[in-house]
Novice: 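Take this structure, written in structure tokens, and hold onto it; I'll ask about it next.
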Amino acid sequence: MNGLQKTAWMVLIGLGLVLMGLMAVGPERINPWLSSLLGLQPPVPVSEPLVPGAEEVSSRVLNDVHEEDVRNLMAQFTSYGSRVVGYEGHQQAAHFIESEFRRLSLEDVELERYGVASPVDKGGQLTVKESGEAFPVYGIWPNLVKTSTLPRNGVQARLIYGGDGEFVDFNGHAVEGAVV
């Protein structure tokens, strides 16, 4: 490497260090002439959006909302069973929410009713023939519009355990005609 190449490399390394330094300190601390030459501009400060009363609400939440109260509220709300439309828990949860809104003195609280189609599963049971032991069972949510159905008198079949439902979980089982 001759002297000219060595000098060129030193100049490039020096410029690189200067540019890295400029990036580290930011354009607001650099000579205005150098900033305009390099096209650097200080970031425009972003003002926080003004939300009327936000600090007051934030302060009230921090002072008035306690973990135990939230746990108790959620325990009551989740005690209604299924809250899916058409089930008893749906109505109970709606009335609970309405009463809580009113208790909190929220304005213009209204309960609107409208019809909606929703499958309702009244449950069934799986009875083990040998022992007579019975277990509650429920259908899965419908695939598109078809709900899960069984004949009125039920089904009698061999029951096998399907593990995670992977093909390997069925090895060694006679699956045809069985309930998994």
Side-chain angles (χ1 to χ4, degrees), residues 20 23-24 43-44 46-180:
M20 285 176 51
M23 289 191 305
V44 177
V46 177
S47 62
E48 293 201 23
L50 298 176
V51 177
E55 287 187 24
E56 177 189 335
V57 170
S58 174
S59 180
R60 280 183 46 212
V61 166
L62 290 173
N63 292 328
D64 298 343
V65 176
H66 306 287
E67 180 180 352
E68 190 61 30
D69 295 337
V70 173
R71 287 186 184 279
N72 291 336
L73 193 69
M74 291 311 298
Q76 184 169 355
F77 183 66
T78 58
S79 71
Y80 302 128
S82 176
R83 293 177 306 278
V84 172
V85 173
Y87 289 83
E88 178 76 20
H90 171 255
Q91 289 296 323
Q92 292 172 329
H95 290 298
F96 174 72
I97 292 168
E98 179 189 17
S99 69
E100 283 299 301
F101 283 178
R102 291 186 191 286
R103 184 183 68 79
L104 294 169
S105 301
L106 296 180
E107 297 175 11
D108 299 325
V109 175
E110 294 181 22
L111 187 63
E112 294 185 25
R113 298 183 191 278
Y114 55 92
V116 62
S118 179
V120 175
D121 180 6
K122 297 186 178 176
Q125 72 178 25
L126 169 74
T127 305
V128 179
K129 194 173 185 177
E130 290 79 20
S131 68
E133 191 174 7
F135 301 92
V137 292
Y138 300 93
I140 59 174
W141 195 255
N143 182 9
L144 299 176
V145 296
K146 176 73 173 125
T147 57
S148 303
T149 58
L150 288 173
R152 184 163 293 288
N153 294 330
V155 173
Q156 287 193 19
R158 216 170 3 88
L159 179 66
I160 61 173
Y161 177 62
D164 292 326
E166 300 291 331
F167 286 121
V168 69
D169 294 329
F170 296 96
N171 288 350
H173 291 290
V175 178
E176 189 171 338
V179 173
V180 179

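Keep in mind that this is a model prediction, so the values were computed, not measured.
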Novice: Going through the distances and angles, do Glu100 and Arg103 end up as a salt bridge (charged side-chain N to carboxylate O under 4.0 Å, His left out)?
Specialist: CA-CA 5 Å; Glu100 283 299 301; Arg103 184 183 68 79; 2.8 Å; yes
Novice: Taking Ser58 for the side chain and Ala54 for the main chain, is one N or O donor matched with an acceptor at less than 3.5 Å?
Specialist: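 Side chain of Ser58 to backbone of Ala54: no pair is present.
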Novice: So, for Gly89 and Arg83, which heavy atoms are closest and what is the spacing to 0.1 Å?
Specialist: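 That closest heavy-atom pairing would be O-CG, 3.9 Å.
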Novice: Taking C-beta and beyond as the side chain, do Asp108 and Phe101 meet within less than 4.5 Å on heavy atoms?
Specialist: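 No, every pair of side-chain atoms sits at 4.5 Å or beyond.
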Novice: To check you understand the geometry: which heavy-atom pair defines the closest contact between His173 and Tyr161, and what is its length?
Specialist: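 Looking at all heavy atoms of both residues, the closest pair is NE2-O, 3.9 Å.
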Novice: Measure across Val155 and Pro151 and return the closest heavy-atom pair with its distance rounded to 0.1 Å.
Specialist: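 Val155 and Pro151 have their closest heavy atoms at CG2-CD, 3.9 Å.
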Novice: What are the two closest heavy atoms between Thr127 and Ala134, and how far apart are they?
Specialist: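 Closest approach of Thr127 to Ala134, heavy atoms only: OG1-CB, 4.0 Å.
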Novice: Please indicate whether Arg71 has more than 12 foreign heavy atoms, meaning atoms of other residues, nucleotides or ligands, lying under 6.0 Å from its CZ.
Specialist: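 12 or below, so no.
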Novice: Quick one, Tyr87 and Asp121 - any side-chain contact, counting heavy atoms below 4.5 Å?
Specialist: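 Side chain of Tyr87 against side chain of Asp121, heavy atoms only: contact under 4.5 Å found.
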Novice: Please report the shortest heavy-atom distance between Ala94 and Leu111, naming the atom on each side.
Specialist: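 Ala94 and Leu111 have their closest heavy atoms at CB-CD1, 4.5 Å.
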Novice: Rounded to the nearest 0.5 Å, how far does CG of Leu73 lie from CD of Glu68?
Specialist: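 Going from the CD atom of Glu68 to the CG atom of Leu73 covers 11.5 Å.
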Novice: Is the CD atom of Gln125 crowded by more than 12 outside heavy atoms at less than 6.0 Å?
Specialist: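 For Gln125, atom CD is crowded (more than 12 foreign heavy atoms under 6.0 Å).
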Novice: Test your reading of the model: is there a side-chain donor-acceptor pair from Ser118 to the backbone of Gly86, 3.5 Å cut-off?
Specialist: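 Not confirmed, Ser118 side chain does not pair with Gly86 backbone.
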Novice: With heavy-atom distances below 4.5 Å as the criterion, would you say the side chains of Val57 and Val51 are in contact?
Specialist: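 No, too far: nothing below the 4.5 Å cut-off.
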Novice: Distance-only, no hydrogens or angles: does the Ser59 side chain make a donor-acceptor pair with backbone N or O of Glu56 under 3.5 Å?
Specialist: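 Between the backbone of Glu56 and the side chain of Ser59 there is no qualifying donor-acceptor contact (under 3.5 Å).
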Novice: Would the number of heavy atoms belonging to other residues, nucleotides or ligands and lying under 6.0 Å from CZ of Arg158 be above 12?
Specialist: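 Atom CZ in Arg158 is packed in, count exceeds 12.
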Novice: Looking only at heavy atoms, what is the nearest atom pair of Val109 and Glu98, with distance?
Specialist: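 The pair with the smallest heavy-atom distance is CG1-CG, 4.0 Å.
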